[in-house]
Amino acid sequence: MSREQLDARRMLCPMPVIKTQNRVATMSAGEELEVICTDPGALSDIPAWARINGHQVIHSVQDEDEIRITVRVGA
Amino acid sequence: MTVKHKAVALISGGLDSMLAVRVLQEQGIEVEGINFYTGFCVEGHTHAIRNHDKNKQKRNNALWVAEQLGIKLHIVDVIEEYKDVLLNPKHGYGANMNPCLDCKIFMVGKAVEWIKEHHKDGFDFIITGEVIGQRPMSQRKHTMPIISEQSGADDLLLRPLCAKNLPMTKPEREGWVDREKLYDFHGRNRKPQIALAKEFGLNDFATPAGGCCFLTDKNYSDKLVDLWQARNSRDYEMDDIMLLKVGRHIRPIPEFKLIIARDAGESKFLEGYRKQFTSIYALSHSGPMALVDGELKEEHYPLAAAIVARFGQGREADEVELDITVPGQDSMQIRTSPFSAEEVPQEWYL
Ligand code: SF4
């Protein structure tokens, strides 16, 4: 299963969401995308975006400076 | 079998677009949302940057609205294209730097483009939450047809909240939607919207005070105009838009202004720009990070340093040591006595 990565560090919301959306549009159902970002807004925005559009957040961690959110592309 | 019709709705995150969608959902229309990001939108940025906002809910209103409505939302980055709208609005500006009428025409036009690009998904028409007389500039009886026409949407643009006050559109004519069940809201009174929201069981919604973006904010607009004047050019980059939302902006002389962080969150944010901008911060005391926008000549180092020192813990000290770093050069240290409050006159504040 392919897994891609997206660097959205230093971008402010909603840019990380837009970048995630655009990347996911090029991927296939079941594939995973790990988004690395720094705006804590992404912690609520990316999951909200995923719920609305039928994707799934399967993992989300926040450490001191970085947030990593993994999205599984929906059908 | 009856054919199900599909509409794309411009979602700003406010109550009106939310109601417009609900009204059509009641009529069995399938709706998806589209939200355009100009860079100036009222978003959680400052929440992400400033400390004291950290505990506030950091939700994106457009996403939140879409979730409440149970619709998909497509967010489109229009930052680059929007520059021309803001810099050369055919219909001029509103009370501040908000080119609302051109902005509406642009966004509806983008929605027209979008449904063409996504023709496979079969969108039939476009809806907005516009209400006649709601906004002084863009939402007036005579501007409604201008938006329909100049955006290229023509009679495919339906405003469910005030449709009864406007000429018939194709969705009404063709019987895709029942005109009788649309509304005739007008004017600035928001009671009808609030009542309708209640009817739909919607009780938590964002009520933006001015408009949908920072351009309706006087202070923000003033800072933008100052930037253009200082640079002798009406251009901007995304970083400029962001930095106008952060910190205190102080311009002691025309050649440069200082952007001084107001808390640790902003300091951290400004630190990220030290490779692009000259930065100043106190070494001998704790204090804010400051960036210099414009040209800082060496003869002005003491002036800039004394201002920055004024906003740190060393403000009462006889002397403060500060670091000044020009990108790509060695940093240098400077000692200065901080300015008093009176030495930073009100006119310097943008
Ligand atoms: S307030 Fe801003 S986003 Fe809203 S219509 Fe006016 S210019 Fe456009």
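All chains are named by letter (A, B, ...) in the order of the sequence lines, taking the proteins before the strands, and each is independently numbered beginning at 1. Note: hydrogens, waters and symmetry copies are ignored here, and every other heavy atom, side chains too, is used.
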#### Entry: Residue pair B/His74, B/Glu32: steps toward the side-chain hydrogen bond (donor to acceptor under 3.5 Å, both in side chains) verdict
CA-CA 8 Å; B/His74 311 275; B/Glu32 291 189 14; 2.8 Å; yes
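- The aromatic rings of B/Tyr220 and B/Phe214 are tilted relative to each other, their planes meeting at an angle between 30° and 60°.
- Residue B/Ile79 touches chain A through its side chain alone, counting heavy-atom pairs closer than 4.5 Å.
- A donor-acceptor contact under 3.5 angstrom links the side chains of B/Arg274 and B/Ser279, judged on distance only.
- Residues of residues 50-57 of chain A lying under 4.5 angstrom from chain B, judged on non-hydrogen atoms, are A/Arg51, A/Ile52, A/Asn53 by number.
- With sequence neighbours excluded, the residues forming a side-chain hydrogen bond (donor to acceptor under 3.5 Å, both in side chains) with B/Glu113 are B/Lys110, listed by chain and number.
- Taking 4.0 Å as the cut-off between side-chain N and carboxylate O, A/Glu31 and A/Arg3 do not count as a salt-bridged pair.
- Here the closest heavy-atom approach between residue B/Pro160 and residue B/Thr128 is recorded as CD-O, 3.3 Å.
- Of the charged side-chain nitrogens involved, at least one lies within less than 4.0 Å of a carboxylate oxygen, so that B/Lys83 and B/Glu237 count as a salt-bridged pair.
- At least one test fails for A/Arg10 against the ring of B/Phe269: distance under 6.0 Å to the centre or angle within 45° of the axis.
- Counting all heavy atoms, side chain and backbone alike, A/Leu43 lies closest to A/Ser60 at CD2-OG, 3.6 Å.
- The interface of residues 67-75 of chain A with chain B, defined by heavy-atom distances below 4.5 Å, is empty.
- For residues 19-42 of chain A, no residue pair satisfies the ring pair (Phe, Tyr, Trp, His ring centres under 6.0 Å) rule, not counting sequence neighbours.
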